There are 2 protein chains.
Amino acid sequence: MSRPYGRAMTPPLSRDRDFTTLGRALSTPARSTFLNLLMDGSRRPAGELAGAAGVSASTASGHLSVLVDAGLVISETRGRHRYYALAGPEVAAALESLGMVADAAPVSGYRRSRRAEYLAAARFCYDHLAGRLGTALTDAWVRSGWLAGRDELVLTDVGAVGLRGIGVDVDGALSARRPTTRACLDWTERRPHLAGALGAAVGTRFLDAGWVNRHRSGRGLDVTPAGHDLLRGAWGIDPLAH
Amino acid sequence: MSRPYGRAMTPPLSRDRDFTTLGRALSTPARSTFLNLLMDGSRRPAGELAGAAGVSASTASGHLSVLVDAGLVISETRGRHRYYALAGPEVAAALESLGMVADAAPVSGYRRSRRAEYLAAARFCYDHLAGRLGTALTDAWVRSGWLAGRDELVLTDVGAVGLRGIGVDVDGALSARRPTTRACLDWTERRPHLAGALGAAVGTRFLDAGWVNRHRSGRGLDVTPAGHDLLRGAWGIDPLAH
DNA sequence: GCGACATTTCGGCGTCCACCGAAGCGTTCC
DNA sequence: GGAACGCTTCGGTGGACGCCGAAATGTCGC
């Protein structure tokens with residue numbers, strides 16, 4: 001009886017977390033590209049993803065079902081399109097923290113590219129603001145006592161009033177099932193920015209109020225003139241400054 | 001000119017985070033086992049890891065260099081042994097958050113096993129207390145005002161005094177370069193427990209004071225009688241209760 | 001120095017899987 | 001209803017890689 005190789009015969013010690021499925025899902029360039037594209041919380045049809053990764057439609061289809069099976073991505077059929085998106089905030093959080101590790105690896109040279117600089121200024125991280133805009137806002141709100149904590153972020157009473165004042169759905173965020181606040185380590189800035197239900201509410205408000213616009217390509221945000229006025233006037237932030 | 005397959009020819013859009021190296025590193029059962037064994041922050045020689053994963057020494061050696069190349073693991077030569085350990089807290093954090101996602105996948109059946117139950121009670125998560133002990137302590141400290149925040153955790157002045165009172169090196173933790181507090185989502189309890197520099201300081205103190213002992217096999221902690229007295233007397237915690 | 005031991009490197013084997021094009025299925029548009 | 005279109009399934013190909021045992025490297029004990 002031979003077991004030339006294949007899967008390990010017995011899970012040696014116990015049924016610890018099994019990273020193999022997730023690892024496989026992350027382990028090819030095409031799938032990595034897909035996940036990067038979806039990390040801003042967008043939903044995209046299979047064809048667009050295939051084109052972006054430079055693989056045929058059939059190949060992309062196979063990759064996407066791997067991602068779905070791994071629980072990283074969900075799909076929704078809409079007419080003759082099929083839209084794919086990250087499965088949830090936990091997935092985005094996991095990828096983000098994984099990105100911190102990957103960053104330490106010899107990828108580097110990243111921040112040089114023009115497009116990267118653009119993303120570093122302002123972008124969506126799944127459903128909340130990130131990049132310099134995200135961290136600057138978070139810092140400003142800590143300074144003004146809206147958030148408490150240096151590394152971790154807790155909403156204060158003053159902060160609740162202040163955020164309601166600019167139209168953020170604070171009460172919706174407080175009653176949401178996911179954590180109200182979460183400190184998401186910013187991958188370009190390497191410092192925390194506000195995430196969680198409140199982070200999402202802030203992101204929604206910034207979009208709805210027209211203070212930022214999604215850039216056409218999906219990732220990356222443009223800060224509108226109205227947004228600039230608010231940021232500078234209310235908290236002295238200039239998101240274009242390096 | 002044919003490009004049968006291999007690596008994608010051009011990274012299509014930009015040099016986003018590249019998950020492929022990391023993914024490959026996670027994608028085999030043996031490497032997953034290694035990482036699980038090292039997640040308690042221990043350093044282990046190659047031979048022990050090989051035995052635990054049920055592979056030959058040569059196979060294990062190959063796997064370990066993959067993990068080192070991916071930046072997940074570091075090695076230290078000590079005499080004729082070579083010890084391996086996780087590369088840092090970020091790696092542990094990334095694996096932990098990845099474990100949350102993996103958990104949602106159809107692994108399940110996990111908490112049934114006896115050994116799993118043992119781990120669920122009390123264990124080390126890289127360098128801080130986790131499991132029911134970790135979350136119960138965190139909850140108790142939030143209740144008594146030592147930590148602020150429901151989801152995120154911030155040390156209060158009262159908390160600093162209290163922790164100093166039980167011998168925790170609070171000042172060392174405050175001046176450390178890594179974040180003082182971090183909310184680590186507990187993988188068995190699905191609720192946050194205290195991590196970061198302060199979490200590590202607490203873990204160190206619990207070990208040094210003899211309130212918990214590392215179990216021989218590495219993961220998993222035994223709460224000593226002295227530990228029980230402290231937990232019950234000071235905060236009304238019974239870590240054995242389900 | 002010379003065996004015992006821990007670990008890595010090397011060579012060879014066999015399976016897995018990423019790739020593509022063609023065909024199949026369902027939706028949309030006219 | 002028929003053609004165009006988006007996506008998935010199927011079949012076939014070739015390179016990558018996980019496995020092992022044997023040999024090489026390096027350390028410890030005597």
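A note on names: the letters A, B, ... follow the listed sequences, proteins ahead of strands, and every chain is numbered from 1. Every value quoted in this text rests on a predicted model; they were computed, and no experiment measured them.
DNA chain C is contacted by both A:Arg24 and A:Ala60; A:Arg24 maps to the nucleotide lying nearer its 5′ end (nearest heavy atom per residue). Residue A:Ser27 is the one, among A:Ser27 and A:Gly79, whose nearest nucleotide of DNA chain C lies closer to the 5' end (criterion: closest heavy atom). Mapping A:Ser65 and B:Arg31 onto DNA chain D by nearest heavy atom places A:Ser65 at the nucleotide closer to the 5' end.
Between A:His81 and C:dT28 there is no side-chain N or O to OP1 or OP2 distance below 4.0 Å. The side chain of B:Tyr84 contributes no N or O atom lying less than 4.0 Å from OP1 or OP2 of C:dA6. Under 4.0 angstrom from either OP1 or OP2 of D:dC7 there lies no side-chain N or O belonging to A:Tyr83. The phosphate of C:dT8 has OP1 or OP2 within less than 4.0 Å of a side-chain N or O from B:Arg82.
Counting only heavy atoms from C-beta on, B:Val55 has its side chain closest to D:dC20 among C:dT7, D:dC20, C:dC20. You'll find that the side chain of B:Arg80 is closest to C:dA4, out of C:dA4, D:dT8, C:dC17. When each of C:dC19, C:dT7, C:dC5 is scored by its nearest atom to the side-chain atoms of A:Thr59, the top-ranked nucleotide is C:dC19. In the set D:dG26, C:dC19, D:dC7, the nucleotide with an atom closest to the side chain of A:Ala46 is D:dC7.
Residue contacts shown for A:Arg78 are absent, as no nucleic acid heavy atom lies under 4.0 Å away.
One can place CG of A:Leu64 at 12 Å from P of C:dC19, the figure rounded to the nearest angstrom. C:dT7 atom C1' lies 18 Å from atom CZ of B:Arg44, rounded to whole Å. For the pair A:Glu48 CD and D:dC5 C1', the computed distance is 16 Å after rounding to whole Å. One atom, CG of A:Leu67, and another, P of C:dC17, lie 14 Å apart when rounded to the nearest Å. Counting to the nearest Å, the P atom of C:dT7 and the CD atom of B:Glu76 are 13 Å from each other. One atom, CG of B:Asp69, and another, P of C:dT9, lie 10 Å apart when rounded to the nearest Å.
Checked by atom type, the side-chain pair A:Ser97/B:Ser97 shows a donor-acceptor distance below 3.5 Å.
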Report task. Show your working on side chain to side chain donor-acceptor pair (under 3.5 Å) between B:Thr59 and B:Ser56 and close with a plain yes or no. Result -> CA-CA 5 Å; B:Thr59 300; B:Ser56 74; 3.0 Å; yes
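A:Arg80 is linked by a side chain to side chain donor-acceptor pair (under 3.5 Å) to nothing, counting only residues two or more places apart in sequence or in another chain.
Relative ring orientation between A:Phe34 and A:His63 is described as perpendicular, the plane-to-plane angle rising above 60° on a 0-90° scale split at 30° and 60°. Ring planes of A:Phe206 and A:Trp211: perpendicular class, angle over 60° (limits at 30 and 60°).
Residue A:Ser58 places a side-chain atom within donor-acceptor reach of the base of C:dG21, judged by atom type and a 3.5 Å distance cut-off alone.
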